[in-house]
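Right, one structure below, let's go through it.
The shown structure was predicted, so the numbers you read here are calculated from the model rather than taken from an experiment.
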Amino acid sequence: LNAARMRLSKLRHDNADRDAENMRDIQRLQSLYNSKLRQEKETGDGAPTPELIRIRWLLEELRVSLFAQELGTAQKVSVKRIEKLLG
């Protein structure tokens, strides 16, 4: 909730362009993740692998990193790191 409040506060200060760019990155990565998750469900036992669970949490950390950087993240995360894991 704190991250959401910070994001809304930043939007009020005219950071809409940056927010939109970050959101596009998140949406693209989320789409890649969803595709990988669907593939895993079709070929596996239906449950996400530990790697996919880790990537899902990295996506959440990335949201904090991009939209509420002041809160900090539990580990280093970036768009490129997640792309590499999803690659």
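The distance from atom CD1 of Ile55 to atom CD of Gln30, rounded to the nearest 0.5 Å, is 11.0 Å. A distance of 10.5 Å separates CG of Asn34 from CZ of Arg56, quoted to the nearest 0.5 Å. Between the CZ atom of Arg81 and the CG atom of Leu29 there is a distance of 14.0 Å, given to the nearest 0.5 Å. With rounding to the nearest 0.5 Å, the separation of OG in Ser65 from CD in Gln75 is 11.0 Å. Atoms CG and OG1, from Leu58 and Thr73 in turn, are 9.5 Å apart once rounded to the nearest 0.5 Å.
Counting only distance, with no hydrogens or angles, the side chain of Ser35 and the backbone of Ser31 share a donor-acceptor pair below 3.5 Å.
Residues Val64 and Leu59 fall into different hydrophobic clusters, defined by Ile, Leu, Val, Met, Phe, Trp and Tyr side chains chained together at heavy-atom separations under 4.5 Å.
At least one side-chain heavy atom of Glu40 sits less than 4.5 Å from a side-chain heavy atom of Leu52. Contact annotation: the side chain of Arg28 approaches that of Val79 to within less than 4.5 Å [non-hydrogen atoms, C-beta and beyond]. Looking at Trp57 and Ile53, their side chains come closer than 4.5 Å, going by heavy atoms from C-beta outward.
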- Task: Could you walk me through whether Leu66 and Met23 pass the side chain to side chain contact (heavy atoms under 4.5 Å, CB included) test, one step at a time?
- Result: CA-CA 9 Å; Leu66 295 176; Met23 196 61 212; over 6 Å; no

- Query: Lys41 and Leu37: side chain to side chain contact (heavy atoms under 4.5 Å, CB included), yes or no, with the steps?
  - Reply: CA-CA 6 Å; Lys41 285 183 178 182; Leu37 183 61; 4.1 Å; yes

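Surrounding CZ of Arg18 are at most 12 heavy atoms belonging to other residues, nucleotides or ligands under 6.0 Å away. Annotation: Glu60, atom CD; neighbour count of heavy atoms from other residues, nucleotides and ligands within 6.0 Å is above 12.
Between Glu42 and Arg38 there is no salt bridge, since no side-chain nitrogen of the basic residue lies less than 4.0 Å from a carboxylate oxygen of the acidic one.
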